[in-house]
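Heads up: the structure comes next, in C-alpha cells.
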Amino acid sequence: MNRAWFLWEGSVNKVSNELDIMGHWQRTHNCGTLNEDDVGTKVILMGWVLRRRDHGGLIFVDLRDRYGVTQVVFNPERESEAHRKAENLRSEYVIAVLGVVSPRPDGMTNPDLITGKIEVFVDELRVLNKSLTPPFAIDEREGEEVGEDVRLKYRYLDLRRETLKENIIQRSLVTKKIRDFFYEEGYLEIETPFLTKSTPEGARDYLVPSRVNPGHFYALPQSPQLFKQILMVSGYDRYFQIVHCFRDEDLRADRQPEFTQIDVEMSFITRDVLFDVMERMMAEIFRFAMDIEIPRPFPRLTYTEAIHRYGLDRPDTRFGMELVDLTELLGNSEARIFSDTVAGGGRIKGINVKGGEGLSRKELDDLADYVSVYGAKGLAWFKYSEEGWKSPLAKFIGNDVKSDISRLASFEPGDLLLVIAGESALVNESLGQLRIHLGDRLSLIPEGRYDFLWVIDFPLFEYDEEDGRYYSVHHPFTAPLEEDLDLLHQEPGKVRARAYDMVLNGSEIGGGSIRIHQESVQRRVFELLTIGPEEAREKFGFLLDALQYGAPPHGGIAFGLDRIMMILSGAGSIRDVIPFPKTQKAACLMTEAPNPVESDQLLELGLKLRK
RNA sequence: GGGGUCGUAGUUAAGUUGGUUAUAACGCCGGCCUGUCACGCCGGAGGCCGCGGGUUCGAGUCCCGUCGACCCCGCCA
C-alpha cells in the first residue's frame, strides 16, 4: 500500500525533497564507449559523480561507471531545471542523465579520455542517491597515495578507483580464460568440500567446530590435494578447479590466509604431458592479458642446479650475476674466516657485481646487514680497481689465486666481488637473496620480460636435525623418481621426487608432482616419515583405501592465481589483486573480522574459552 | 615469537634544541564565475598530535608500556 501511494505520488519522480526515483529509465549506453559516431544520439547514462566543475553558468560533471568516464554538461540556457539540480551535486552522488551526445567544440577535446571527443548535453537529471564526502578521492589523479589502512576500511570506495578496478576486472577475465582453456581441453570442473578433515604436515589449519559433534572439528582445506587424488581413483581423469584455500600462517606481501589456487590433476600422464598442458595454459593467459607470445617449451632446471647457480629454488633468470663457488680457491687462504669455514665443512661462494667497484663503505655495510637477516655472519668484499684488488682481506689472497678467481668469476677492473662463507644452505640462501636484492637495486632486471622455467627433481625428503627425522619436501603422496626407488631403503635423503615447480620471474607460481599410486611405495614413505600404520589409517585412511581399489597413475599441479595476477597487473602486493584482503594480522578492516562471539554461540558448539 | 619503518585536520604531509594560539596542500562549507576537464578567484570551518602512563615549570617533540598499518626473519608451497 505504501508502494501504491508512492507510485501515484511519483508521477513527478520524487522520493524525497532531494532524491528522484529512477522510474522507467534504462541505461542506453555506459560511460566508457561513446564517441563521434554517436553524435546526435539521445542517451541515458547512469553512474557516479567523479568530479563537478561549476562555472556558475555551465556545470561540467565527469560521470563515472565501471566502464569509464563521460563528461556531461548542464547549460542553464538549455535546461534550467537540470542545471539548478546540478548545482547541488557532490562527489560520488549517483545520478541518471538524459541528454544528447554532442561533439566538443574545437580545442576542447580531452585526449586523456576515451570519450574525450564528445560530451552529453543534459536535458533531464535524476539524482538517484546522495553520498557522504568520501574519506579519500576516488579520482586517483588527485593527491598522493592514501594509506592502506584507510583504503582497507573503505574497501568499497577503493574498489571504485581505477587501479584496483582494473586489477579486479582483469582477474575476472583471466579466470574465465583459464576456465575456457581447461573446458576446451576436456577437463571437468569439480568442486570439493570446504568443511573437511585436518591434514597432517604442511601448514596450520583453520578449524571449524562441529555443532552436532561437540569436540570435533572440520578443517578448511589448505588445498584440495586428497580430494583431487580421490577423483582420479574415481576415474575423472582430467580435473581442475579454481578454488579458495586456507592456511593459518603469518602473512607476507604475497601471502594471504585465504587465497586462490588453480588446481589440476590428471591420470595416465607423464610429467612431460602435464608440462605441455600447463605451458599452453600460461601462454594463453599471457597472449590474452599481456599480448605476449611466451616461448615454449619452458627451460627446465634441476633443483640442484638452481641452488648451485642461483642459491634459491625459484631462480630469477632475467639477469645474470650467478653464484660462483670459491670454496676450493679460498679454502686454503690465510684468511681465517675462509679456512675455518672450509675446515668446518662449509662452503664459500660469491657473486660478481659488474661495475660495482664504486659502492661506498656505507652501501657495503647495508648489504652486509641485508644478508645477516638470512644468517650470514659477514659479507666479504673485493673491489677490483685500476691499481688492483682492494679489500681488507686482499693481503691474504695470493696472486695465483687472484688470477684464478678473476678467470672463474670474470672478475675484472671496475667490478665488486661479494663473498659469503658458511654452512652450505645458508650461503646459498643469503647469497641468492642478495643477488635478487642487488638485481632490483641496481636495476639489472629488464622491464617487460617474463622468464618462465620449471624446477624439477626436488629432493623427496629433508632431514630435520632437531627432530631427528625426515619431512616431505612436497607432501607425503609425492612419488620418487623411478631410478631412485632403491635409494628409498639405502639413502632416503638422496631420493629425488617427481615434483616440480613453475617459476616466473623469480616467483614460484605453481607446484605439483606425480603421485604415488602403489601402496607398497606409499607404505615405505610413511615409514620414513615415522607415520605408523595406525596414524596413517587415522589421518588419511580413506586415501589409502582408495589407492587399493585400482588407482591409476596420476599427477597434478596447483598454481597460485593471486601471484599470477600480481605479476600480470604489476601489483606490489597481493592485496591489490584480491577484492577483500586481510591485513598482516589476518583482520578485515572493513568487516572487522575476526570478532568475539556471544557465549551462547560458544556453548552451542561445546566450546569454552581459556581465561 | 623476533627485527625494522610508520602513526599530527577528512586525506597526504611539515613541525627546529622540550617553550606563546600546532602549519601547508588537497578535500569540505559559503560566495563569485558560460568551455572546464586535478577549472579559477575570494572567504570560512575543521585537531583526543593513535591510546595509557612517566620525566619536566612546560611534551606533538624525551622515556616506558600498549594498540594499529606496512616490510622482513621464523613459519608457510
Side-chain angles (χ1 to χ4, degrees), chain A residues 50-63 69-78 83 87 90-92 102 104-113 115-116 119 121 132-154 157 201-205 222-223 225 245-257 259 261 263 313-314 369-376 429-430 433 437 455 458 472-475 478 499-503 507-513 557-560 563 572-573 575 582-585 587 589 592:
Chain A
L50 179 64
R51 194 171 276 284
R52 181 187 64 129
R53 290 176 295 279
D54 187 343
H55 287 237
L58 288 178
I59 295 174
F60 300 95
V61 166
D62 292 337
L63 188 62
V69 173
T70 297
Q71 172 166 283
V72 299
V73 187
F74 298 88
N75 187 331
E77 286 169 9
R78 181 186 178 93
H83 179 267
E87 285 178 334
R90 295 291 181 270
S91 288
E92 299 308 304
S102 312
R104 293 207 190 179
D106 280 346
M108 297 301 160
T109 59
N110 184 345
D112 296 335
L113 276 186
T115 59
E119 57 197 353
F121 286 136
L132 297 175
T133 302
F136 51 84
I138 305 304
D139 190 345
E140 286 177 293
R141 290 170 301 177
E142 174 165 328
E144 292 155 69
E145 293 235 338
V146 180
E148 196 169 8
D149 42 353
V150 185
R151 289 171 42 209
L152 287 171
K153 180 174 176 191
Y154 299 95
L157 298 180
E201 324 263 320
R204 209 173 284 120
D205 288 316
Q222 298 176 23
S223 81
Q225 183 60 39
C245 302
F246 307 84
R247 287 177 193 162
D248 186 6
E249 297 294 345
D250 287 341
L251 286 75
R252 286 287 187 283
D254 62 352
R255 256 161 46 189
Q256 282 273 305
F259 58 98
Q261 278 191 349
D263 197 45
D313 63 1
R314 46 190 158 86
D369 283 347
Y370 183 82
V371 294
S372 73
V373 166
Y374 301 96
E429 164 87 2
S430 48
Q433 296 285 3
H437 180 68
V455 176
F458 279 80
S472 292
V473 170
H474 191 65
H475 59 59
T478 302
Y500 33 79
D501 280 355
M502 188 189 282
V503 175
S507 177
E508 185 218 313
I509 58 169
S513 63
I557 191 166
F559 293 90
R563 287 188 186 173
S573 156
R575 296 180 298 280
K582 292 183 173 53
T583 68
Q584 194 160 54
K585 289 197 72 182
L589 297 184
E592 294 183 316

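Protein chains get the first letters and strands the later ones, always in sequence-line order, with residue 1 at the start of each. Worth knowing before you read on, the calculation uses all heavy atoms, side chains too, and leaves out hydrogens, waters and symmetry mates.
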(request) Report yes if a side-chain nitrogen or oxygen of A:Gln71 is closer than 4.0 Å to either non-bridging phosphate oxygen (OP1 or OP2) of B:U36; otherwise report no. (result) no
(message) Stacking between B:C39 and A:His55, yes or no? Criterion: centroid separation under 5.5 angstrom, plane angle under 30 degrees.
(response) yes
(message) Quiz question: going by heavy-atom distance under 3.5 Å, is there a donor-acceptor pair between the base of B:G74 and the side chain of A:Asp250?
(response) yes
(message) Any base atoms under 4.0 Å from A:Gly147, or only sugar-phosphate, or nothing? Heavy atoms, all strands.
(response) sugar-phosphate
(message) Need the pair for B:C6. Rule: Watson-Crick or G-U wobble, both distances under 3.5 Å, any strand; none if unpaired.
(response) B:G68
(message) Under a 3.5 Å cut-off for both contacts, is B:U12 paired Watson-Crick or G-U wobble with anything, and if yes, with which nucleotide?
(response) B:A24
(request) Indicate the atoms forming the closest heavy-atom contact of A:Ser513 with A:His474, along with that distance. (result) OG-CD2, 3.4 Å
(request) Considering just the side-chain nitrogens and oxygens of A:Arg90, establish if one lies under 4.0 Å of OP1 or OP2 belonging to B:C29. (result) yes
(request) Would you mind classifying the nucleic acid contact of A:Gln256 as base, sugar-phosphate or nothing, using non-hydrogen atoms under 4.0 angstrom? (result) nothing
(request) Rounded to the nearest angstrom, tell me the gap between atom CG in A:Asn110 and atom C1' in B:A38. (result) 11 Å
(request) Please indicate yes or no: is the ring centre of A:Phe136 less than 5.5 Å from the centre of the six-membered base ring of B:U11, with the two planes inclined by under 30 degrees? (result) no
(message) What I want to check is whether an N or O donor and acceptor connect the side chain of A:Arg104 with the base of B:C37 at under 3.5 Å.
(response) yes
(message) B:G68, OP1 or OP2 - any side-chain N/O from A:Lys585 closer than 4.0 Å?
(response) yes
(message) Please confirm whether the shortest side-chain N or O distance from A:Thr583 to OP1 or OP2 of B:A69 is below 4.0 Å.
(response) yes
(request) Considering non-hydrogen atoms only, spot the tightest contact between A:Gly57 and A:Pro76 and give its length. (result) O-CD, 3.5 Å
(request) For residues A:Arg563 and A:Arg255, determine if any side-chain heavy atom of one lies less than 4.5 Å from a side-chain heavy atom of the other. (result) yes
(message) OP1 or OP2 of B:U12 versus the side-chain N and O atoms of A:Arg151: is any pair under 4.0 Å?
(response) no
(request) Using atom OH of A:Tyr154 as one end and atom P of B:U11 as the other, report the distance to the nearest whole Å. (result) 8 Å
(message) Strictly by Watson-Crick or wobble contacts shorter than 3.5 Å, is anything paired with B:U55, and which nucleotide is it?
(response) none
(message) Expressed as a whole number of angstroms, how long is the span from A:Ile138:CD1 to B:U12:P?
(response) 13 Å
(message) Whether A:Gln222 contacts B:C76 is assessed here as follows: a side-chain N or O lying under 4.0 Å from the phosphate OP1 or OP2. Is that the case?
(response) no
(request) Determine whether any donor atom in the side chain of A:Arg255 lies under 3.5 Å from an acceptor atom in the base of B:C75, or the reverse, and answer yes or no. (result) yes
(message) Which nucleotide, if any, forms a Watson-Crick or G-U wobble pair with B:C75, using both distances under 3.5 Å?
(response) none
(message) What I want to check is whether an N or O donor and acceptor connect the side chain of A:Glu249 with the base of B:G74 at under 3.5 Å.
(response) no
(request) Could you tell me whether a side-chain N or O of A:Arg314 sits under 3.5 Å from a main-chain N or O of A:Ile509, the two making a donor and an acceptor? (result) no
(request) Between B:C29 and B:A14, how far apart are the P atoms? Round to whole Å, please. (result) 27 Å
(request) Report which part of the nucleic acid A:Arg78 touches: base, sugar-phosphate, or nothing (heavy-atom distance under 4.0 Å, all strands). (result) nothing
(message) Just N and O in the side chain of A:Arg314: are any of them under 4.0 Å from OP1 or OP2 of B:A77?
(response) no
(message) Strictly below 4.0 Å: does A:Arg247 bring a side-chain N or O up to OP1 or OP2 of B:C75?
(response) no
(request) Check every atom of B:A69, B:C29, B:U36 against the side chain of A:Arg53 and return the nucleotide holding the closest atom. (result) B:U36
(request) With heavy atoms under 4.0 Å as the rule, sort A:Glu148 into base, sugar-phosphate or nothing. (result) sugar-phosphate
